Each structure stands twice: as C-alpha cells, then as structure tokens.
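Worth knowing before you read on, the calculation uses all heavy atoms, side chains too, and leaves out hydrogens, waters and symmetry mates. In what follows, chains are A, B, ... by sequence order, proteins preceding strands, each numbered from 1. The shown structure was predicted, so the numbers you read here are calculated from the model rather than taken from an experiment.
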Protein chains: 2
Amino acid sequence: MAYHNHHSHVDCIRLVPIFNHLNDEQMHLIAQSANEVQYVKNELLFRFGDKDDTLYIINNGRVRIYSLSESGREQTIRILHPGDFMGEVAVLQTEGYHSNYAEAISETSICRIHKKDLDQYLDRYPEIMRRILSDITKRLQLSEKQTVQVSIEPVEARIIDFLSENVEDEKNHTYVTLPMSKKDLATYLGTTPETISRKFSSLEERGLIKRHTQKCVEIFDLDELLFVSS
Amino acid sequence: MAYHNHHSHVDCIRLVPIFNHLNDEQMHLIAQSANEVQYVKNELLFRFGDKDDTLYIINNGRVRIYSLSESGREQTIRILHPGDFMGEVAVLQTEGYHSNYAEAISETSICRIHKKDLDQYLDRYPEIMRRILSDITKRLQLSEKQTVQVSIEPVEARIIDFLSENVEDEKNHTYVTLPMSKKDLATYLGTTPETISRKFSSLEERGLIKRHTQKCVEIFDLDELLFVSS
DNA sequence: CGTCTCCTTGAGTGTCCTCAACATATGTGG
DNA sequence: CCACATATGTTGAGGACACTCAAGGAGACG
C-alpha cells in the first residue's frame, strides 16, 4: 500500500453518505484527520484477527469482504463501492479485532479515520451517528436475508434472486452486468464456480437467459425467471 | 395480546442495556411513554411485511425471530431474551416494514416505545444511540458469522460450534443446556430435526457426548470435539 | 392413562460438491 | 503484437451429504 498525505481529502469525504450532509467547513475539518491509502488489485487491507481502530472509507475502486471457513473455503460477505465504509469494529467494539478479510479487487484508494477522531465527530455531529446506524441496520437486514437464502434456497433460486436485484433495463432489453467474477459470485452465493457455471448453462438451455460476455447476461423474461425460481 | 397500562414501566427500562446508564428520573421519563404488552406462548408479535414504528424491548420471556423461504421453510435468525430489543426497522428505516417474523416462545411481556418518542431520547441522550449502534454492530457480526457457517460448514461442525458456544462448566463435568427445542435448533442451524437427531446420535456413538435429557447434553472432551469438527 | 407433540431411526433420492480435463480470457515480457 | 503463462470459466463423471417421506418411540400434559 502507499500513503498519500495531500492536505485535503475533502473529495474523499464529500461523496460519503455518512458525511455529505455536513457543510464545507465541517468536511474540511474531518478531511484533515483522514489519511489516504492506495492499494493495488488483490492487495489485502486487513485480515481476520487484525487489531485496528480506524474507519475505512472507499474513495475509489472496490473492496471485497470475505470470511474463511475452517476448511479454507471462502464466503464473500459483501462488495464495497466508492462511498461505502467498513471497519466499524473500530467504531464501537472496545476491543477492535477484525472478524473477516478485506481485499482490494481493483486499484483502490481509501480514506482512513482514527477512532479517537471519529468519536469526536460522533459527539459533535449526532447526524453522523444516525447515518452510520442507518447504514448498519440496512446491512444487518441484508445479511439476515443472505443467511436465509444460503441456508434454504437452492442455488438456482439464489442466482435468479441475485440477477433480479442487479437488472438494468435498456431499450426493451433486460440485462445484468455482473459486478464481480463468477468465482467471487460463487463464494458470495455460497456455492462453487462449477455449480454457477452449470446453472447458467441450464438457464440458457431453457431459453431464460443468454450470456453475451462473461460479465453481461441478458434476461428474456424477468417475470418468467422469477416464476421458475419458486 | 393483552395491554397493561401501569403507570410505571421502569422495571422494563431498568434492565435494558441501552437505557440502564440513565438516572432514575430519566428512566422514569422513558417509562412514561412505553406501554407494556403481554403475549402467550406461540403468539405472533409481528409478521413479515407489517408496517410498524415501535421499538420492542423484552421484559420477560423469550422471542424467536425467523424468516420464511419461498418454499415455506423456516430459518430462525435469533432468540431474544429479557433486555434485548428488536424492531429497529422502526428506529431508522423511514419506511418501517418488518423483514421477518417474531413469535413468543414462552409467556412474554414486552415494552413498546414509539419512534417519535424514541427519536427524542436519541437526540437528548446520545449515549442511547451509541449503545444501540454497538448492539446492532455486534448482531451484524453474528449474522455474518451465521451466514458463513450455514453456507460452508457441514451440519456437524455447526452443531459442535453451537454446543461449544453454550457450554456451562460445573464440577469437572462439561455440559450444555439447549436453549430451545431441537426443532427450533434445526431451523437455527439451517437444517432439519431429523439431521440434528442423526448427528447427535453419531456424536454419542463416537463417545464424544452423552444425551441426558432432551435439553441437556454432556460433553466429555470439548477439545476433542472441536478437533473432530475441523 | 390417553393424546399430542417432539424426537428418533430407516430407506431412498436429489442436489451440489469434488476432482479432473479442457477451453477461454487476461496479462506480461520479449 | 504475438507467444507464453496464469487465472478464470466450462463441462463431465462420480460420490457424499443432507433432505424428504414414513413409521415407530419417548416425553409432556391434562
């Protein structure tokens, strides 16, 4: 990783939902205490068990949070995009140990804010805490949903659900741009690349989807697809 | 359910971690706005999709939060005990719809606080928000762990992990008192009662545990048990 | 003591994982 | 820009784990 100590990281702060309600002066103040770090693709930001007391904010790029099972298999927890934050262990756990792994999946720049600074802002601007709370509540809901899916829905239903949540409509064509590799998608959906591949093939044979490129899938009839999965 | 409108629900408030740092007067104030509700065993507190804007605090009894899959199978998300709260959808989601089901699994009494009241307290006593945030962060970690387990660990490992997290040591005997029926344990661990039963039998055959009563299991060697699961 | 629920055990089946080979992308240095 | 090296994706065969369905047993409760 590479450190950059520009005087202003306001850009970093401005696009973050948890801070963007502040005025310029306030943002500037926060930006002062943030430091920017660059990571290259595949670089690890932290590992399970690392002690840490900073909040990470994605400025640019994408980060994958994942966990390892005893047997060494990966479970992708979520993918962070610019504006997302992570490392909330630091925010509130008195003992701040990371409970999973974070990896840059592209060239990524991060802003880091230390707990002691953040604590000040939380006291001074309660709205920040509200927004963090709102974000984490949302994530909790998603996480619980993911648990249910992974545990009781068959793989095909999980894939279809995932597709339906990532559709982009464009001139009477419904298609999906996969936000990650099939390999990572597999670990996200709690399965293997082979199974993902097979299910996609099956859906294609049945005339429900068409694979254009690795990342781009066309959906012929979303309603029919959703019907099939139930 | 049955409503009770005692003048004071301070008892209700006093034992709740998110409020118990307040002084008597403050607690009294909050208690004023809370109302107590009683539920009998198996009664549903709310269902998926219900609109709601109250925070629920368990005063007495136990509540099970669960979710239903398309196919009708249940996934138990968590069990709440006295002092726990739920319904945080109301706290922060502008549109407060419940995303899962809540059922009393014993005679249960609840304190409910309306969003508009709670919002006031959050502003006046920021420490409350901090504690809620802390609690939800903790739950997020647990939920993510549950996702990983359910998705990649085999059932036996999940059971062993669950047992190891509920051990109670007593005079050189290690045993576990199951906090719920095997039926509910099955839905919690993302499996079926039959499979749970089989795994317990298997562990017993291998001399690792001994079932004394339905709810009480003795563990002969915890280290060995944990070793087996990896 | 009978009923009901929960638990247990058995038999059969299906989904998905593993391992392995091959194909296709992606990226790097010559 | 091509050739090679590496990573990612696809397809096949075989097998394991856990689910379903079904019946019998054990507790709990009135």
Starting from [atom2] on [N], measure out to [atom1] on [X] and report it in whole angstrom.
X: A:Gln149; N: C:dC16; atom1: CD; atom2: C1'; result: 17 Å
X: A:Arg211; N: C:dA23; atom1: CZ; atom2: P; result: 16 Å
X: B:Lys183; N: C:dC4; atom1: NZ; atom2: P; result: 17 Å
X: A:Asn42; N: D:dA7; atom1: CG; atom2: P; result: 10 Å
X: B:Met180; N: C:dC7; atom1: CE; atom2: P; result: 12 Å
X: B:Lys182; N: D:dA28; atom1: NZ; atom2: P; result: 11 Å
X: A:Leu189; N: C:dC16; atom1: CG; atom2: P; result: 12 Å
X: A:Leu185; N: D:dA7; atom1: CG; atom2: P; result: 21 Å

At their closest point, which heavy atom of [X] faces which heavy atom of [Y], and how far apart are they?
X: B:Glu153; Y: B:Arg158; value: O-NE, 3.0 Å
X: B:Asn60; Y: B:Pro82; value: CA-CG, 4.1 Å
X: A:Leu140; Y: B:Ser143; value: CD1-CB, 4.0 Å

Give, ordered by number, those residues of residues 194-201 of chain B having at least one heavy-atom distance below 4.0 Å to an atom of DNA chain D; if nothing qualifies, reply none.
B:Glu194, B:Thr195, B:Arg198, B:Lys199
Here's a test of your reading of the structure: between A:Gln214 and A:Thr191, which maps to the more 5' nucleotide of DNA chain C?
A:Thr191
Return no unless some side-chain N or O of B:Lys215 is found under 4.0 Å from OP1 or OP2 of D:dG27.
no
With a 4.0 Å limit, can you tell me whether A:Thr192 has a side-chain N or O closer than that to the phosphate oxygens OP1/OP2 of C:dC17?
yes
Would you call A:Glu107-A:Lys41 a salt bridge at under 4.0 Å N-O?
no
Does B:Arg62 come within less than 4.0 Å of B:Asp184, counting only side-chain N to carboxylate O?
no
Taking the six-membered ring for Trp and the single ring otherwise, decide whether the centroids of A:Tyr66 and A:Tyr188 are under 6.0 Å apart.
no
According to the interplanar angle, ranging from 0 to 90°, do the rings of B:His98 and B:Phe46 count as parallel (below 30°), tilted (30 to 60°) or perpendicular (above 60°)?
parallel
